[in-house]
Amino acid sequence: MQYTGFFAKIQGVLDGRGWLEPTLLFIGAYVNKGVSFLGLPYNVPLAFLWVFTISFIICFIMMIRYSSFGIEDAFLRRHRTIYFANEIFSSWNYCIRTKKRHHFNMKVLLQSLRVNYLKLIKEKKLKSDL
């Protein structure tokens with residue numbers, strides 16, 4: 001679809017045609033050999049290759065680094081809350097018949113959860129102090 005007027009100028013900028021085509025911002029304006037800039041030779045095809053390669057490597061390293069944080073968050077930090085849930089469901093004895101035994105088992109379970117929770121808080125505090 002061909003536009004006229006203002007939209008034609010916008011389409012020309014997005015397509016790389018029009019007033020942008022003869023400028024150095026347009027890749028097709030460069031010769032295949034290279035360009036002389038301030039008397040120094042500049043190999044344009046090699047520069048494009050290096051820019052894209054280095055930017056790909058930087059993006060890849062950043063992606064690996066940030067995904068490792070996501071993996072750490074998903075498996076290590078969230079696992080602690082699952083650990084408490086597993087401890088609650090696996091440590092409760094559903095065959096208890098007397099109230100006295102029920103209260104005793106409840107106290108033991110709560111004490112175990114308190115100790116583990118305080119241990120977790122202490123580990124987080126030590127990590128944040130480093």
Side-chain angles (χ1 to χ4, degrees):
M1 173 180 263
Q2 292 294 329
Y3 294 106
T4 58
F6 177 72
F7 291 116
K9 291 180 182 179
I10 292 176
Q11 184 182 15
V13 169
L14 294 176
D15 289 345
R17 293 179 298 179
W19 66 270
L20 189 64
E21 193 170 1
T23 65
L24 291 178
L25 293 175
F26 184 62
I27 296 173
Y30 293 104
V31 293
N32 210 9
K33 297 178 236 169
V35 175
S36 178
F37 182 71
L38 297 176
L40 300 171
Y42 186 70
N43 192 351
V44 177
L46 187 62
F48 279 115
L49 179 70
W50 278 111
V51 165
F52 289 127
T53 304
I54 290 172
S55 61
F56 174 77
I57 290 171
I58 290 171
C59 290
F60 186 72
I61 289 171
M62 290 173 58
M63 190 171 56
I64 295 295
R65 184 171 178 221
Y66 289 126
S67 66
S68 69
F69 289 138
I71 290 172
E72 178 185 356
D73 184 45
F75 290 111
L76 298 178
R77 292 185 189 149
R78 291 185 195 163
H79 181 66
R80 304 231 184 221
T81 57
I82 293 172
Y83 171 76
F84 288 120
N86 287 340
E87 187 173 351
I88 290 170
F89 290 118
S90 65
S91 64
W92 187 254
N93 186 359
Y94 290 99
C95 297
I96 297 175
R97 302 272 185 237
T98 64
K99 281 279 189 194
K100 186 176 179 181
R101 184 69 182 157
H102 165 78
H103 289 297
F104 177 73
N105 199 11
M106 184 92 139
K107 286 180 186 177
V108 169
L109 178 62
L110 286 175
Q111 184 61 27
S112 172
L113 287 172
R114 280 189 196 120
V115 168
N116 288 334
Y117 185 69
L118 289 174
K119 224 188 281 185
L120 180 66
I121 289 175
K122 188 176 181 181
E123 287 175 8
K124 282 186 178 181
K125 187 175 181 184
L126 286 173
K127 281 185 181 180
S128 67
D129 288 344
L130 296 175

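We use all heavy atoms of the structure for the numbers below, so side chains are in, but hydrogens, waters and symmetry mates are not. Residue indices begin at 1 and follow the sequence shown.
Clustering ILVMFWY residues whenever any of their side-chain heavy atoms sit less than 4.5 angstrom apart, transitively, puts Leu113 in a cluster other than the one holding Phe104. One hydrophobic cluster holds both Tyr117 and Leu109 under the rule that ILVMFWY side chains link at heavy-atom gaps under 4.5 Å. At a threshold of 4.5 Å between side-chain heavy atoms, the hydrophobic network of Ile, Leu, Val, Met, Phe, Trp and Tyr places Ile121 and Leu110 in one connected group.
Distance check, rounded to the nearest 0.5 Å: CG of Asn116 to CD of Gln111 gives 10.0 Å. Note that NZ of Lys119 and CD of Glu123 are 8.0 Å apart. Values are rounded to the nearest 0.5 Å. For the atom pair CG (Leu118) and NZ (Lys125), the distance works out to 11.5 Å, reported to the nearest 0.5 Å.
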Under the criterion side chain to side chain contact (heavy atoms under 4.5 Å, CB included), I'd like the reasoning laid out for Gln11 against Phe7: C-alpha separation, chi angles, the key distance, then a yes or no.
CA-CA 6 Å; Gln11 184 182 15; Phe7 291 116; over 6 Å; no

Going by atom type alone, with no hydrogens or angles, which donor-acceptor pairs under 3.5 Å involve a side-chain atom of residues 46-58 and a protein atom two or more places apart or on another chain?
{"residue": "Thr53", "atom": "OG1", "partner": "Leu49", "partner atom": "O", "Å": "2.7"}
{"residue": "Ser55", "atom": "OG", "partner": "Val51", "partner atom": "O", "Å": "2.9"}
{"residue": "Ser55", "atom": "OG", "partner": "Phe52", "partner atom": "O", "Å": "3.0"}

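In this view, His102 and Trp92 satisfy the ring-ring contact (aromatic ring centres under 6.0 Å, His included) rule, not counting sequence neighbours.
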